[in-house]
Amino acid sequence: MGDRLRKTVKISGNIIMLLACIFIISRFCRYSGQIDWKQLADNKWRLGIAVSGYTVIMLFSPVTYKILLGITADTDIPFRKIRYIWCKSNIYKYLPGNIFQYVGRNELAVGTELKHSEVAAATVLEILVTVVSSVAVTLLLVWDDAAAWIVLHVDTGLVLKISSVSVLLITLISFLAGKKLRGIKNELVSLLTVKNFVRLLEAAGYFSAILLLDGVLFGYVFIVTGRPLTLDEMVTVAGLFALSFCVGYVTPGAPGGIGIREAVLLFSMGDILGNSCVVTAAVVFRVISVAGDVLAFLAAAGLSRHKPEKMV
């Protein structure tokens with residue numbers, strides 16, 4: 001029965017991966033017409049640095065999830081396995097619905113000593129850490145700009161969307177856990193200890209650092225597109241990038257936050273850096289992030305077959 005379950009999960013994961021790749025290609029074709037390819041060709045080495053940098057960031061991003069798994073489960077799963085499943089499920093975010101990556105995380109419970117409730121609890125914590133850390137980074141770097149954007153653009157519709165995400169997540173957890181839903185609740189309640197609170201802060205700090213690196217990399221893209229930033233502008237861009245990441249992350253139905261993040265970036269940065277400049281940088285960064293996500297998965301797949309140095 002265990003072998004059949006593993007084969008079913010593997011086949012299902014491969015099918016979802018194929019669908020995600022098809023969707024990524026279709027989105028790339030849609031946005032490719034908005035890119036100044038000549039400008040990128042003139043800065044191809046900088047573009048290569050950006051793609052490589054994003055790929056490396058993605059390869060280290062699963063450390064946050066490993067920390068959270070350490071909170072919800074006593075079993076120590078090798079980082080290479082966590083990284084492979086995390087990077088694989090990360091590709092699923094490009095499928096319509098923007099929830100499949102959460103389903104993909106539960107592949108960790110197949111063929112390991114982890115329980116589905118433990119993985120689901122870690123995923124819930126990951127969502128909370130992501131949202132809280134994104135908001136914290138935004139407020140830390142660009143409180144005034146973020147407040148102005150929220151006053152102008154946050155309305156009842158957005159609140160309803162966020163509420164819908166919560167309902168979807170609860171439904172998803174119920175689907176994954178079934179009769180073990182009470183077990184997930186118990187898992188989360190049992191986490192209320194000082195030691196685990198410190199671990200949560202560690203995970204939040206690590207994710208905040210990753211998000212800051214992403215924001216700086218987005219600022220670097222402006223150089224690729226021919227618009228270098230001052231230090232103050234870089235700080236503003238990094239902070240508003242965190243805001244766009246958070247909004248895209250919690251918006252249901254937007255695969256990988258596509259369209260949502262770009263819209264937030266345009267609304268929040270357009271008056272500061274110019275609409276055309278922001279649109280170009282946002283589209284180029286989307287291409288970079290898609291390429292980086294795919295390369296990170298391929299690298300994680302290769303590294304999973306070799307014993308790496310122990311992390312965290």
Side-chain angles (χ1 to χ4, degrees), residues 10 13-32 34-35 37 39-41 43-66 78-95 98 100-102 104-105 107-108 126 130 206-207 209-225 241 244-245 248-249 255-258 261-262 280-309 311:
K10 184 176 181 179
N14 289 336
I15 292 174
I16 294 176
M17 173 63 69
L18 178 61
L19 292 175
C21 289
I22 293 173
F23 193 79
I24 288 173
I25 293 172
S26 68
R27 286 292 179 170
F28 176 78
C29 293
R30 177 179 176 181
Y31 282 103
S32 62
Q34 303 179 35
I35 300 174
W37 294 102
Q39 177 68 34
L40 295 184
N43 289 278
K44 54 182 177 293
W45 65 274
R46 288 194 175 103
L47 184 62
I49 291 175
V51 173
S52 299
Y54 188 89
T55 302
V56 172
I57 290 173
M58 287 300 100
L59 287 174
F60 281 94
S61 294
V63 172
T64 299
Y65 198 70
K66 180 173 174 60
F79 178 71
R80 65 183 181 276
K81 182 173 181 63
I82 295 175
R83 177 173 53 198
Y84 169 68
I85 298 301
W86 190 94
C87 289
K88 181 180 180 180
S89 62
N90 186 50
I91 301 294
Y92 299 169
K93 69 186 178 185
Y94 292 108
L95 287 171
N98 203 23
F100 288 94
Q101 65 269 33
Y102 307 127
R105 300 285 200 274
E107 189 176 338
L108 279 168
E126 182 188 33
T130 298
Y206 193 92
F207 179 80
I210 291 293
L211 188 58
L212 280 171
L213 288 175
D214 274 339
V216 171
L217 188 61
F218 178 65
Y220 176 79
V221 169
F222 282 88
I223 299 177
V224 178
T225 59
F241 176 86
S244 70
F245 180 91
Y249 185 82
I258 292 177
R261 292 179 187 173
E262 287 78 5
T280 301
V283 172
V284 171
F285 187 79
R286 174 60 69 178
V287 174
I288 289 171
S289 62
V290 170
D293 285 335
V294 174
L295 289 174
F297 163 66
L298 294 176
L303 291 170
S304 67
R305 298 171 184 170
H306 304 281
K307 187 175 181 180
E309 295 181 5
M311 296 184 62

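Throughout, residue positions are numbered sequentially from 1 according to the sequence presented.
- Considering CG of Leu213 and CD1 of Ile57, their distance stands at 5.0 Å, rounded to 0.5 Å.
- Put simply, the side chain of Leu47 reaches to within 4.5 Å of the side chain of Val284, judged on heavy atoms.
- Atom CD1 of Ile49 sits about 10.5 Å away from atom CG of Leu217, to the nearest 0.5 Å.
- Atom OH of Tyr65 and atom SG of Cys87 lie 13.0 Å apart (nearest 0.5 Å).
- Legend: residues meeting side-chain contact (heavy atoms from CB on, under 4.5 Å) with Leu211, ordered by chain and number and at least two apart, are Ser134, Val137, Phe207, Phe241, Ala242, Phe245.
- Annotation: ring-ring contact (aromatic ring centres under 6.0 Å, His included) contacts of Phe222 (sequence neighbours excluded): Phe218.
- Residues Met58 and Trp86 approach most closely at O-CZ3, 3.9 Å, considering heavy atoms.
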Let me check something: any side-chain donor-acceptor pairs from residues 288-301 under 3.5 Å, sequence neighbours excluded? List them with distances.
residue: Ser289; atom: OG; partner: Phe285; partner atom: O; Å: 3.2
residue: Ser289; atom: OG; partner: Arg286; partner atom: O; Å: 2.8
residue: Asp293; atom: OD1; partner: Asn90; partner atom: ND2; Å: 3.0
residue: Asp293; atom: OD2; partner: Lys93; partner atom: NZ; Å: 3.3
residue: Asp293; atom: OD2; partner: Tyr94; partner atom: OH; Å: 2.4

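- Atom-to-atom distance recorded for Lys81:NZ and Lys66:NZ is 12.5 Å, nearest 0.5 angstrom.
- Looking at heavy atoms from C-beta onward, Tyr84 lies out of side-chain contact with Leu303 at the 4.5 angstrom threshold.
- Put simply, OH on Tyr220 and OG1 on Thr225 are 11.0 Å apart, with the number rounded to the nearest 0.5 Å.
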